[in-house]
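Small disclaimer: the values here were computed from a predicted structure and weren't measured.
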Number of protein chains: 2
Amino acid sequence: MLEYIILGFLMFGEKTGYDIKQTMKKSTSNFFDASFGSIYPTLTKLEKKNYVVINEVLEDSRKKTLYSISEAGKNIFLAWLQQPIEFSKTHSIYLVKIYFYSFISKEKAIDLIKDFIRDVNKAIGELTEIEEKSKGKLDLYRSSTIYFGIEHYNSVIKWCEELISNLK
Amino acid sequence: MLEYIILGFLMFGEKTGYDIKQTMKKSTSNFFDASFGSIYPTLTKLEKKNYVVINEVLEDSRKKTLYSISEAGKNIFLAWLQQPIEFSKTHSIYLVKIYFYSFISKEKAIDLIKDFIRDVNKAIGELTEIEEKSKGKLDLYRSSTIYFGIEHYNSVIKWCEELISNLK
DNA sequence: TAGCGCATGTAATATGTTACATGATTTC
DNA sequence: GAAATCATGTAACATATTACATGCGCTA
């Protein structure tokens with residue numbers, strides 16, 4: 001999976017491993033993120049498969065390893081992209097915990113859910129900031145996914161609040 | 001994670017590994033699921049830690065390995081449950097793909113999104129069936145998570161439709 | 001008697017995170 | 001001169017999936 005996503009980011013232009021991590025943080029992190037510990041080994045793997053090409057440069061007196069996508073890389077990326085969207089059920093650990101809340105007191109449950117709402121609101125704030133900054137810079141698809149994140153988190157909060165009011 | 005979730009299911013009563021899988025399918029699979037290949041080894045691990053107790057029985061001339069939660073198991077489960085809900089960003093692979101749709105034609109993108117909507121609708125149908133069957137049988141928390149799934153999928157469809165209409 | 005559901009389990013494989021390790025450059 | 005950011009990478013560890021392997025009991 002990560003292989004394709006990295007290729008996707010390289011479709012927008014050559015990048016270092018560090019750049020990829022930054023781009024993820026500022027764009028897909030609300031629905032997909034990866035660590036350096038997976039990005040660098042994946043880039044090495046992609047290079048061995050000849051899907052990316054390495055270009056060592058000295059930029060601003062700082063040496064960088066720039067990766068760019070090869071023709072073969074573009075081909076397999078586009079083939080993947082045109083395959084049906086796999087409908088994978090979203091792994092939401094927060095729901096799992098709430099699922100079992102009948103085993104704790106109502107008051108404790110409400111407190112925990114309220115704390116959670118605070119965290120979700122924080123995430124909305126971060127995403128809104130990203131949305132503001134990227135205004136006009138992104139294509140419809142990319143800006144829609146950010147918008148989706150905000151909408152989704154809002155619906156999570158709404159659901160939490162309804163749950164609390166039903167509990168009372 | 002799975003360790004706690006299995007303990008949670010055992011809080012409702014003793015179960016076999018197979019039972020746990022079935023229960024997940026009929027309750028949490030829209031936001032959390034596990035395979036036999038992870039359930040059985042986890043049960044063994046929990047037994048070694050003395051968090052569950054094994055009870056080999058012969059039920060309907062069929063031998064079963066029933067697991068029940070121990071006092072120690074209840075304690076660590078409840079301790080986990082009362083800790084703050086970790087706000088983990090949801091991993092949604094479908095969004096990743098759509099994020100890169102600027103690299104395919106608008107027509108192709110619309111077709112793929114429409115196919116996806118069909119799959120999501122199918123999932124809503126399955127969840128609605130589960131909701132119908134469990135009506136009145138579940139506590140507020142558990143029924144809320146099912147309701148959440150339906151609401152969430154509906155919002156995914158709404159978002160997809162808006163995206164399509166914006167594309168046109 | 002074939003196939004399905006019940007029931008348990010292992011091995012190979014995939015996939016990724018966290019922590020560690022290093023070192024340069026830039027900003028305060 | 002300290003701290004933050006840029007930049008790359010490895011090793012230990014965690015976690016889970018898929019495929020395989022096995023076998024019983026029920027039903028069409």
Side-chain angles (χ1 to χ4, degrees), chain A residues 1-7 9-10 14-26 28-29 31-49 52-68 80 86-93 96, chain B residues 1-7 9-10 14-26 28-29 31-49 52-68 80 86-93 96:
Chain A
M1 186 52 32
L2 186 55
E3 287 187 40
Y4 291 111
I5 292 160
I6 287 178
L7 287 178
F9 282 119
L10 295 180
E14 60 176 5
K15 282 181 178 57
T16 66
Y18 195 87
D19 289 337
I20 291 168
K21 174 75 185 156
Q22 296 304 100
T23 311
M24 276 184 184
K25 198 180 171 183
K26 284 169 190 159
T28 63
S29 63
F31 54 91
F32 186 88
D33 208 358
S35 62
F36 285 122
S38 59
I39 291 170
Y40 285 113
T42 303
L43 281 168
T44 309
K45 216 196 277 179
L46 287 170
E47 203 256 327
K48 273 178 190 154
K49 289 181 179 173
V52 300
V53 176
I54 286 179
N55 183 21
E56 310 252 7
V57 293
L58 208 84
E59 210 179 272
D60 306 318
S61 68
R62 194 187 278 263
K63 64 168 187 235
K64 288 183 175 190
T65 311
L66 279 167
Y67 293 85
S68 53
W80 170 76
E86 307 109 84
F87 174 68
S88 57
K89 289 157 183 178
T90 28
H91 249 225
S92 315
I93 288 162
V96 184
Chain B
M1 187 51 35
L2 186 56
E3 287 187 40
Y4 292 111
I5 292 159
I6 287 178
L7 288 178
F9 282 119
L10 295 179
E14 60 176 6
K15 283 182 177 59
T16 66
Y18 196 86
D19 289 337
I20 290 168
K21 174 74 186 160
Q22 295 306 97
T23 312
M24 275 184 184
K25 198 181 172 182
K26 285 169 189 160
T28 63
S29 63
F31 54 90
F32 186 87
D33 209 358
S35 62
F36 284 121
S38 59
I39 291 170
Y40 286 113
T42 304
L43 281 168
T44 308
K45 217 195 278 178
L46 287 170
E47 204 256 326
K48 274 178 191 153
K49 289 180 178 175
V52 300
V53 176
I54 286 179
N55 183 21
E56 309 253 6
V57 293
L58 208 84
E59 209 179 272
D60 307 318
S61 68
R62 194 188 278 264
K63 66 169 186 232
K64 288 182 174 189
T65 311
L66 280 167
Y67 292 86
S68 53
W80 170 77
E86 307 109 84
F87 174 69
S88 57
K89 288 158 184 178
T90 28
H91 249 225
S92 315
I93 288 162
V96 183

Check your understanding: Can you tell me if the side-chain N/O atoms of B:T65 get under 4.0 Å from OP1 or OP2 in C:dA7?
Key -> no
Whole angstroms only, please: what is the [atom1]-[atom2] distance between [X] and [N]?
| X | N | atom1 | atom2 | result |
| --- | --- | --- | --- | --- |
| B:E47 | C:dT8 | CD | C1' | 15 Å |
| A:K26 | D:dT5 | NZ | P | 11 Å |
| B:I54 | C:dT8 | CD1 | C1' | 12 Å |
| A:K64 | C:dA24 | NZ | C1' | 13 Å |
| B:L58 | C:dT8 | CG | P | 12 Å |
| B:E86 | C:dT18 | CD | P | 12 Å |
| B:L43 | C:dT10 | CG | C1' | 15 Å |
| A:K63 | C:dT26 | NZ | C1' | 18 Å |

Revision key, fill the gap. Whether each nucleotide of nucleotides 10-28 of chain D has a protein heavy atom under 4.0 Å at its base (B), only at its sugar-phosphate (S) or at neither (-) is summarised, 5' to 3', as B-----SBB-----BS---
**Study point:** Main-chain N/O of B:F31 paired to B:T28 side chain as donor or acceptor, under 3.5 Å
**Key:** no
Does the side chain of [X] reach to within under 4.5 Å of the side chain of [Y], using non-hydrogen atoms?
| X | Y | result |
| --- | --- | --- |
| A:V96 | B:M1 | no |
| A:F32 | A:L2 | yes |
| A:I20 | A:L10 | yes |
| A:Y67 | A:I54 | yes |

Check your understanding: Which part of the nucleic acid does B:Y4 contact within heavy-atom distance under 4.0 Å: base, sugar-phosphate only, or nothing?
Key -> nothing
Review point. Quick one: which of D:dG9, C:dG9, C:dT8 gets closest to the side chain of A:Y67?
Key: D:dG9
Practice item. Return each pair, listed once, that meets side-chain hydrogen bond (donor to acceptor under 3.5 Å, both in side chains) where at least one residue sits in residues 37-49 of chain B; pairs must be two or more places apart or across chains. Key: B:E3-B:K49
Practice item. Show your reasoning for whether side chain to side chain contact (heavy atoms under 4.5 Å, CB included) applies to A:K21 and A:F9. Key: CA-CA 10 Å; A:K21 174 75 185 156; A:F9 282 119; over 6 Å; no
